[in-house]
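This is the structure I have questions about; it appears just below.
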There are 2 protein chains.
Amino acid sequence: MSSSNNITPLFQDLAKLENEQHRAVCQDCSLSRLCLPLGLHNDDLVQLDKIIKRSNSYKRGHSLFSIDTPFKSLFVVRSGSFKTTISASNGREQVTGFYFPGEFIGLDAIHEQVYKSNARALESSSVCELPYENLQELGQEMPQLQLQLLSRLSKELSGDKGLMLLLGKKSAEEKLATYLLSLSKRFNERGYSATEFQLSMSRTDIGNHLGLAVETVSRLFSRFQEQGLIAIAGKTISLQAMDKMDALCK
Amino acid sequence: MSSSNNITPLFQDLAKLENEQHRAVCQDCSLSRLCLPLGLHNDDLVQLDKIIKRSNSYKRGHSLFSIDTPFKSLFVVRSGSFKTTISASNGREQVTGFYFPGEFIGLDAIHEQVYKSNARALESSSVCELPYENLQELGQEMPQLQLQLLSRLSKELSGDKGLMLLLGKKSAEEKLATYLLSLSKRFNERGYSATEFQLSMSRTDIGNHLGLAVETVSRLFSRFQEQGLIAIAGKTISLQAMDKMDALCK
DNA sequence: TTATCACCATGATCTAAATCAATAAAGTTA
DNA sequence: TAACTTTATTGATTTAGATCATGGTGATAA
């Protein structure tokens, strides 16, 4: 089956596309409008392109870096998806985020120059690696680049404040509805369907991220389906009443 | 009673000191080692100083800015303390952070150029205002300043990930213990006692921030006191067994 | 001085979601 | 293909912490 089937693939077609293009430079990359190049002039883009290392595929479960190792590079997802986790001293883990193409991983490592989380691929995925030292040098010549970086950090910060509200104040139902709509929005921004997509993360990961038990997530999926809000089969989900879902977010 | 009494005052003495100095410039400010000037040369410091607006005192409860208003400036606490909140569409609020001298407020507004939260003084407090446009211009000439900004954003991001772990995975007891130690650390970094300080925020604010009901916070304070972990009277708290407290954080 | 109001403490009760338990799918490996 | 292993679903039971209720305390003010 071609990549033109009617459900959203796990961003694999992007990977395929870019492999065919012999690892497209930033100028040709379909993500540039969501990524660091936003607002850069073509000359600057050429410069940026030179410092970027394009990775091979990371297989499901493989780590981009692990916690407490020296910070060298920021990463931008090129295809696939990742999760980041941090852990408490007794081993409990918290999924702190999911990352899709064009999104930055490792921004929280800049301060201490040490990775503060673990980043794992949720499926076969690839990244662009941005060596921070080079990025720094480049930033001195390209104010736009610096502003982009600040803006991305600020965006993630703002998103995390929203997650604090979710974790601290929302009911299980509100949490899951909020999460599904956030996914929908991000898929849509990337040119995919806002209503039909694949959940590349497990129920356990979703629950962990939202501060819920797996069982609660399962039950809620079932209930949302009974109520006609969604249709879900394994990892494929379809949002069938965005308005009602939106009302659930509170 | 003078500010030399034996318990930590609410950062009021700093304010007093700086008023006496006719609003000290960055070069003379006791906070510079915790603040934006870190790593800047003296010449650069003079430049930075020129763009900073030093505020009068904000009274308890007064807002630095409110949600959804255009972003103009970042703020750094000069004396006193602030809380930031965001709210869900149904009115529920989440306290997203407490801010002490040298800490930045408004970093999450850079991305959308709109304040995404509300910032209120918890006591009589003052700030340094950094107009973002000026900061940007200055940043182009002073790479160190840009790096400092990125670093501060990254630090807050990293802290927020920790809060996600706290909100999502920790028990009430662990939450409060973690919170008290975080305060202790921050007071200590500012030259105050790590074991005796004033809680400028209400029990309600603490509970809200940690995802707990006020009653739970009250009960835990009482229990920690019974167990000899702390001594608490109103807003004055003394940590009497840091090691045990640390063990509680998990 | 007492009235008012916001904040705090503590007991009694309730409940949303966790945990425990068992089974069923869906992947993976041999 | 069967033998495992991991992941997901669904039901029964438990529980941590919320909510409800009441009274205390301390600050501000009239």
Exercise. Is the closest basic N to carboxylate O distance between R92(A) and E174(B) below 4.0 Å?
Worked result: yes
Problem set entry | Distance-minimising heavy-atom pair for K169(B) and E93(A) |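 Minimum heavy-atom separation between K169(B) and E93(A): CE-O, 3.0 Å.
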Exercise. The side chain of R219(B) lies closest to which of these nucleotides: dA18(D), dT10(D), dG11(C)?
Worked result: dG11(C)
Exercise. Is the phosphate of dA8(D), meaning OP1 or OP2, less than 4.0 Å from a side-chain N or O of K235(A)?
Worked result: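 K235(A) to dA8(D) OP1/OP2: side-chain N or O found under 4.0 Å.
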Problem set entry | Rounded distance in Å - CZ (F221(A)) to C1' (dA17(C)) |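 Distance check: F221(A) CZ to dA17(C) C1' gives 17 Å.
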Exercise. Under 3.5 Å, is there a donor-acceptor pair linking the side chains of Q198(A) and Y192(A)?
Worked result: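 No, no side-chain donor-acceptor contact under 3.5 Å.
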Problem set entry | Nearest-0.5 Å distance that lies between atom CD1 in I237(A) and atom CG in L180(A) | 4.5 Å
For this session: Determine the interplanar angle of the Y58(B) and F82(B) rings, folded into 0 to 90°, and report it as parallel if under 30°, tilted if 30 to 60°, perpendicular if over 60°.
Result: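 The rings of Y58(B) and F82(B) stand perpendicular, inter-plane angle above 60°.
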Exercise. Atom CD of E226(B) and atom C1' of dT10(C): how far apart are they, to the nearest Å?
Worked result: 11 Å
Exercise. Under 30°, 30 to 60°, or over 60°: which ring-plane class applies to F75(B) and Y115(B), parallel, tilted or perpendicular?
Worked result: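 Rings of F75(B) and Y115(B): tilted, as their planes differ by 30° to 60°.
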Exercise. Hey, is the side chain of S218(B) poking within less than 4.0 Å of OP1 or OP2 on dT10(C), counting only N and O atoms?
Worked result: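 Checking dT10(C) against S218(B), no side-chain N or O comes under 4.0 Å of OP1 or OP2.
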For this session: For the side chain of R60(B), starting at C-beta, report the closest nucleotide among dA18(D), dA9(C), dC7(C).
Result: dC7(C)
For this session: Calculate the interatomic distance between R203(A) atom CZ and dT10(D) atom C1'; express it in whole Å.
Result: 14 Å
Problem set entry | Heavy-atom check, side chain of E103(B) versus side chain of K155(B), under 4.5 Å |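 E103(B) vs K155(B): side chains apart.
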For this session: In whole angstrom, give the distance that lies between atom CG of N208(B) and atom P of dC8(C).
Result: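 In whole Å, dC8(C) P and N208(B) CG are 13 Å from each other.
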Problem set entry | Nearest-angstrom distance from the residue atom NZ of K250(A) to P of dA16(C) |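 In whole Å, dA16(C) P lies 12 Å from K250(A) NZ.
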Problem set entry | Within residues 162-184 of chain B, residues whose heavy atoms come under 4.0 Å of DNA chain D |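 Nucleic-acid contacts, sorted: S171(B), A172(B).
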Exercise. In whole angstroms, how far is the C1' atom of dA6(C) from the CG atom of L199(B)?
Worked result: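 It is 17 Å, rounded to the nearest whole Å.
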Exercise. Are side-chain N/O atoms of T236(A) and E196(A) paired as donor and acceptor at under 3.5 Å?
Worked result: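 No.
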Exercise. Taking atom P of dT10(D) as reference, at what distance in whole Å does atom CG of L220(A) sit?
Worked result: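 Atom-to-atom, L220(A) to dT10(D), this comes out as 12 Å.
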Problem set entry | dT10(C) phosphate, OP1 or OP2, under 4.0 Å from S222(B) side-chain N/O |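 Checking S222(B) against dT10(C): at least one side-chain N or O falls below 4.0 Å of OP1 or OP2.
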Exercise. Of the candidate nucleotides dT9(D), dA8(D), dG17(D), which contains the atom at the shortest distance from the side chain of T204(A)?
Worked result: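 Shortest atom-to-atom distance from the side chain points to dA8(D).
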Problem set entry | E215(A) side chain, from C-beta outward: closest of dT7(D), dG11(C), dT10(D) |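 Closest nucleotide to the E215(A) side chain: dT10(D).
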For this session: Scan G207(B) against the nucleic acid and name what it touches under 4.0 Å (heavy atoms): base, sugar-phosphate only, or nothing.
Result: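 The answer is nothing, as G207(B) stays clear of every strand by at least 4.0 Å.
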Exercise. Across the strands shown, which category fits S202(A) at heavy-atom distances under 4.0 angstrom: base, sugar-phosphate, nothing?
Worked result: sugar-phosphate
For this session: Taking side chain to side chain donor-acceptor pair (under 3.5 Å) as the test, write out the residues that go with S117(A), two or more places apart.
Result: none
Exercise. Between D108(A) and K116(A), does at least one N-O distance fall below 4.0 Å, as a salt bridge requires?
Worked result: no
For this session: Just report the end-to-end axis angle for the helix from dT1(C)-dA30(D) to dA30(C)-dT1(D), five pairs per end, to 10 degrees.
Result: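 Roughly 40°, once rounded to the nearest ten degrees.
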Exercise. Mapping V217(B) and V214(A) onto DNA chain C by nearest heavy atom, which one lands closer to the 5' end?
Worked result: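 Its nucleotide being nearer the 5' end, the pick is V217(B).
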For this session: Remember a base hit wins even if backbone is also touched, and classify R223(B) as base, sugar-phosphate or nothing at under 4.0 Å, heavy atoms.
Result: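 Result for R223(B) = nothing.
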Exercise. G211(B) near the nucleic acid: base, sugar-phosphate alone, or nothing, with a heavy-atom cut-off under 4.0 Å?
Worked result: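 Here G211(B) touches the backbone only, sparing every base.
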Exercise. Within this structure, what is the CD1-to-P distance between I237(B) and dC8(C), rounded to whole angstrom?
Worked result: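 Nearest whole value for this atom pair: 12 Å.
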